[in-house]
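So you know, we letter chains A, B, ... as the sequences are listed, proteins then strands, and number each from 1. Computed from a predicted structure; not experimentally measured.
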Number of protein chains: 2
Amino acid sequence: MPDAYYLQLTEQLRHLITQHAAQWEGKLPAERALAERFSTTRVTLRQALAQLEGEGLIHRSNRRGWFISPARLMYDPTRDAGFNDYVRAQGRQPRTAVLQLESRAHLPAARALNLPDDHVFHHIRRRRYVDDRAVLAESLWVVPERAPELLSIYASQSLWGLLRERWGHHLANRSISMVSEALSPGDAEELFVAPGTAGLNICRAIFDDQQRPIEYDEEHWLHDSLCIRVELSGQQ
Amino acid sequence: MPDAYYLQLTEQLRHLITQHAAQWEGKLPAERALAERFSTTRVTLRQALAQLEGEGLIHRSNRRGWFISPARLMYDPTRDAGFNDYVRAQGRQPRTAVLQLESRAHLPAARALNLPDDHVFHHIRRRRYVDDRAVLAESLWVVPERAPELLSIYASQSLWGLLRERWGHHLANRSISMVSEALSPGDAEELFVAPGTAGLNICRAIFDDQQRPIEYDEEHWLHDSLCIRVELSGQQ
DNA sequence: CAGTGGTCTAGACCACCCA
DNA sequence: GGGTGGTCTAGACCACTGT
């Protein structure tokens, strides 16, 4: 069926990668070396690599080369479990870098939380790692009335833990949306990948048990880094 | 920031497309024409088009050209609403083509439903359209004990409607997983797109209120055709 | 500084779609 | 049968990475 050479190449590379994964220590040989080994051009070789990238088998670190992708992280966006907890529960190592703390308005957050367009939020921007690979760039927009001194006390711990323990909020109602995307140049740079790399965008609007808006967040994941999982019981 | 020419091209094309959408009737001019208009090569032009494809703004119909993508379909995989119902509710036109009806074993279904590896299922393979664009290829694996004569009476209606009305099943517990994927050559062909086109794979295992397995399904969506939406209330 | 990936050129051939 | 998109070649230059 696959008569195009780059599709045959894709299969050969797939086998090569699974066989030599250990010996290469996760990093593929240089493109020119691979192209020569298969007697083809870099263009065609890159077409095959792009296929495997789309499948989630390998990924690129911008200008540093091709790497074998680790197993996907299981993630249930409907649960309250903090990032650190569920990453560790899967035997992986979480890490967080806080990129920005500020207060300002944000239209999508205002719209999603049914607040005036110019409402000001506490904004936390952070980058999250799994096993030292940056996989997630996210922005949190917290309603300041619910967590007044947030920005002065926040330091990369669990936000939902804080909201629960310090301010006694119960995250009861949530509206979640997920779409595939191409990472914006900004998001791509923060995750050290090439612009336009495939990503998954997850947005959540969260309200308490009295329908008061609490928080809105925008997550940009590398597309190959996660598997969304939702378990539900009870009739819908 | 975007000094690469193909990224500038991406922006120019984005504007061109939004302006001329109506006049072009959804189909972009030929690649050679566009490349000439921007004084570049087809390779670079295609790189820019691929960016817009990743964003979901345009898509390809295999060997027929580039088309402007319609608005994403909102889809809540946690609900029981039938495809026809929720597509119509969004003012769109649903259509279904049944591709295959058979009985056979399927390992992933058996595993997901906690049945023996060689358990035989009723298998329904179908293609679903929204406004005459094929957007979904799916396989349903129904436990025959729950719907014995399914294959002889099924004809593209709502499967969940049938299960409920004819056999009185309540779809109570479900386990859902979603991952981005590159469409397999087979799935791509069924959806009339190029092999390796970005897709979204959704799998569901469904049990009744007594935890008896009912059905397992595998969905392959074009990545730009939908927006997953989940609304939840109550604490998790 | 050497080598790498990212980008780009200027062609070519073929299978397939559509008129 | 003409034109299209899909594929492929054989180069090139540059910015950046890692040493």
Side-chain angles (χ1 to χ4, degrees), chain A residues 1-13 24-54 58-68 132 134 182-183 185 188-189 191-198, chain B residues 1-13 24-54 58-68 132 134 182-183 185 188-189 191-198:
Chain A
M1 163 192 350
D3 35 55
Y5 182 56
Y6 81 95
L7 288 175
Q8 302 173 33
L9 237 190
T10 301
E11 296 314 309
Q12 296 186 45
L13 284 170
W24 287 342
E25 292 176 344
K27 184 178 190 312
L28 269 62
E31 292 181 358
R32 286 171 176 83
L34 287 172
E36 191 177 11
R37 160 147 28 169
F38 291 102
S39 310
T40 184
T41 17
R42 275 180 69 207
V43 176
T44 302
L45 176 85
R46 281 170 65 89
Q47 210 174 346
L49 291 172
Q51 288 284 317
L52 298 173
E53 183 184 28
I58 60 177
H59 65 273
R60 286 180 289 174
S61 186
N62 203 11
R63 287 188 180 281
R64 303 201 295 136
W66 294 88
F67 298 82
I68 299 172
D132 283 322
L183 293 177
E189 196 179 350
L191 296 176
F192 314 112
V193 298
T197 296
Chain B
M1 170 189 344
D3 35 58
Y5 182 56
Y6 81 94
L7 288 175
Q8 302 173 33
L9 236 191
T10 302
E11 296 315 308
Q12 296 186 46
L13 284 170
W24 286 342
E25 292 175 346
K27 184 177 189 311
L28 270 61
E31 292 180 359
R32 286 172 177 80
L34 287 173
E36 191 177 12
R37 157 143 33 167
F38 292 100
S39 311
T40 184
T41 19
R42 275 181 69 209
V43 176
T44 301
L45 176 85
R46 280 171 66 89
Q47 210 174 347
L49 292 172
Q51 287 285 319
L52 298 174
E53 183 184 29
I58 59 177
H59 64 273
R60 287 179 289 173
S61 185
N62 203 10
R63 288 187 179 283
R64 302 201 295 135
W66 294 87
F67 298 82
I68 300 172
D132 284 321
L183 294 176
E189 196 180 350
L191 295 176
F192 314 112
V193 297
T197 297

Minimum heavy-atom separation for A:Arg42 and A:Arg32, please, with both atom names.
NH1-NH2, 3.2 Å
Is the shortest side-chain heavy-atom distance between A:Pro195 and B:Leu7 below 4.5 Å?
yes
Answer yes if the side chains of A:Glu53 and A:Trp66 hold a donor-acceptor pair under 3.5 Å, and no otherwise.
no
Does B:Ala48 have any side chain to side chain contact (heavy atoms under 4.5 Å, CB included) partners at least two apart in sequence or in another chain, and if so, which?
B:Leu9, B:Thr10, B:Leu13
Distance check, rounded to the nearest 0.5 Å: A:Leu28 atom CG versus A:Phe67 atom CZ?
9.0 Å
If you take any heavy atom closer than 4.0 Å to DNA chain C, which residues from residues 42-52 of chain B end up in contact?
B:Arg42, B:Val43, B:Thr44, B:Gln47
Over all heavy atoms of both residues, which pair between B:Gly196 and B:Ala182 is shortest? Give the atoms and the distance, please.
O-CB, 3.8 Å
Generate the contact string for nucleotides 14-19 of chain C. Rules: B means base contact, S means sugar-phosphate contact only, - means no protein heavy atom under 4.0 Å.
-BSSS-
If I compare all heavy atoms of A:Glu31 with all of A:Leu45, which pair ends up nearest, and what's the gap?
O-CD2, 3.3 Å
Closest heavy-atom pair and its distance - A:Val193, A:Arg60:
CG1-O, 3.7 Å
Contact boundaries on DNA chain D for chain B, cut-off under 4.0 Å to non-hydrogen atoms:
D:dT4 to D:dT7
About how many Å separate CG of A:Leu191 and OG of A:Ser61, when rounded to the nearest 0.5 Å?
10.5 Å
With a 4.0 Å heavy-atom cut-off, tell me which residues in residues 33-40 of chain A come close to DNA chain D, sorted by residue number.
A:Thr40
Counting neighbours of CD on A:Gln12 that are heavy atoms of other residues, nucleotides or ligands and sit closer than 6.0 Å, is the number greater than 12?
yes
Of all the heavy-atom pairs spanning A:Tyr5 and A:Phe38, show the shortest one and how long it is.
OH-O, 3.0 Å
Partner residues of A:Gln47 under the side chain to side chain contact (heavy atoms under 4.5 Å, CB included) criterion, sequence neighbours left out:
A:Tyr6
